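Just so it is clear, the structure is predicted and the values come from calculations on it, not from any experiment.
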Amino acid sequence: MEQILEFEVAFPTEERLTFEQYLAGSSREMILNAAAFFLGFKNHKSKFDDNKEFLGMFFRTENNEFANQVYDRIKEFEKKGVRIGIINTYSSLRLFEYYFSKPEEPETQTQAELEVNLFKAYLALNTEFTEKQAVAFPSAQESDEELKIPMMLFCMQYPVSDKSNYDINQIWTTQMIKAIYLFQFLESHEKTKPLLAAFLNYFNCPTWQDYLKSLLPLTIPAIKNEREAHTDIVVEPGDNFKQGCAFIEKLMIQENDELDQNDFLTTRAKPFYKVKDGVYRIIFNLFVVEKIFKGVYFLLRDVNKTLPSAQKIKEIKSFYGDEFSEKILCYNVMESIYPDKCIRFSGKELENMKIVAAPDYYVRKGKNILLVESKDFLIAANKKMSFDFNVYEEEFGRVLDYEELPDGKIKSKAVMQLINNIRRVLKNEFSADTDYHYKEIFIYPVLLTHDHQYDTPGFNELIDFWFQDALLELAEEGLFIHHVKPLSVVNIDSLIYNQVGLANDIALHEILNIYHDNKKIEKQKKRNFKSQEEYDKYLEEYIQMRMSKLVPFSMFIDKYFHKRSLWKQPPLLDLVAPTLFKEEYNERRNKIESA
């Protein structure tokens, strides 16, 4: 945890202006360069995490005194025990988007003046961010007592967690694997063949393999980026120059684009901008890598709107979630991590057995039963960026717990679906598998998510809180719930990335046990405090301990596997990627294995 440097901390006696006021009369090109430069910093272990290093890089010699004054104020503030960081993704993206949509204006600032004013403008954006973030704490206090600390952390981090807490190598690997699954699905499903054809026609690519071959070289520089600076893609002159430029320009932000600032949706969709003919700059490395798979859905959605009515897929998000995310991704991944010596059924197989409202996947290995609900969902961007617990509780509750319909009926969602199927299992009414004694089995409820934005500390605690509340109703019915484990929020990417170790070394239910043991909180003993100072110190230590228990499963399994050398390259990447992109693949694999 660190606190970002606000304007008021660096300049306590100075009245803050708007960031637009500081940058009036500045060079648009220089501001865009600076924003892309900041966005090129590594999200972990950046050399610019060192404030002295950053200030030394940012300011020229004639501004040394100004830089030293800022540094002294930072060090003074850090004496309170809080680490200060200067750069944050929100401010960098805000700076870029605002100035991209702004016309060039006459330059009236000198380079030295612009340096100082750009720094002040950036800190003004930092303050804008922390003012938005300030909603988190009071809104989290409205939650139940045991949720207050998890929800404080969740509400503060959720809007930006997916843009700052990620492993770019893992994102690249899982995006590649999911993209291959997706394109194989699109070409094999009768309903999606016209959609795939229109998609490929839009990019002027004969096959989806050609599309990926054109896209992949654009993602490699986004991952390398050892210089920690902005990255340019240069299309070499020659026979393919025009075609290469045309492909990138389909993924490039245009000056007449209307920028949606809610979660930076426009920049996510088009993560490049044009510097000059044949030269394109990456805006944000993560957004480029996510174009491999995550961005394809949004492109397909837009292409779908252009199809003739007879070929258009109605309710494409629902179709995509059911037919691809669940029936292809979920089924294949679960099969890969439980390959043998177990009883397993996909949701489709259970449906064919006439089991109504069956789980999306069922596994029993010995006395351990996994019940999986796969949910590929997104929260509206404006609500995601609210920082408000009340908004999140309502949205996630409606999507993941239950929904009240206009006619007064209740529609069960993932949490209630898991509860209903646990009831069946405990009553031996799950007809697909009844060869067990209900008191001897252990049940692992799993919410399988499809986006790393839900790998935010505190999210699992919120969903499990609803689950535990509903589980008490089963106890009141007289059911034996003592072997029902806490609900686990599991990102499918963490299963894809770690599938070899999960299949060969430690099963998913086993590591879920270790994960929840790690999250347990010892009951605090009653104690008398001799002073307010002693109590404050205890409270701070308690909050830090609670926060340390909020680690998402995806982060836990990655650390666990790497610490024990259990991680190996996922087999699908070994089989398919070399044939598509031999040179780039070998280079990327060597980098991942040496990380």
Residue that, paired with Tyr454, satisfies ring-ring contact (aromatic ring centres under 6.0 Å, His included) out of Phe459, Tyr392, Phe553: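 Option passing the ring-ring contact (aromatic ring centres under 6.0 Å, His included) with Tyr454: Phe459.
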
Do [X] and [Y] make the cut of ring centroids closer than 6.0 angstrom?
X	Y	value
Tyr361	Tyr338	no
Phe287	Phe264	no
Tyr362	Phe430	yes
Phe324	Tyr297	no

Donor + acceptor pair across side chains of Ser325, Asp376 (<3.5 Å):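 Side-chain D/A pair, Ser325 to Asp376: present.
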
Distance-only side-chain donor-acceptor flag, Ser554 / Asp455, under 3.5 Å: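 A donor-acceptor contact under 3.5 Å links the two side chains.
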
Rounded distance [0.5 Å steps], CG in Leu502 versus NE2 in His509: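 Here the interatomic distance stands at 11.0 Å.
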
Sidechain-backbone polar pair: Trp172 side chain, Ile292 backbone, donor-acceptor under 3.5 Å: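 Side chain of Trp172 to backbone of Ile292: no pair is present.
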
Carboxylate-amine/guanidinium proximity below 4.0 Å for Glu395 and Lys384: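 So Glu395 does not pair with Lys384 through a salt bridge.
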
Electrostatic pair Glu323-Lys191, nearest N-O below 4.0 angstrom: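 Not counted as a salt bridge, because no side-chain N and carboxylate O are separated by less than 4.0 Å.
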
Within 45° cone of Tyr560 ring axis and under 6.0 Å: Arg564 NZ or CZ: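 Yes, Arg564 lies over the aromatic ring of Tyr560.
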
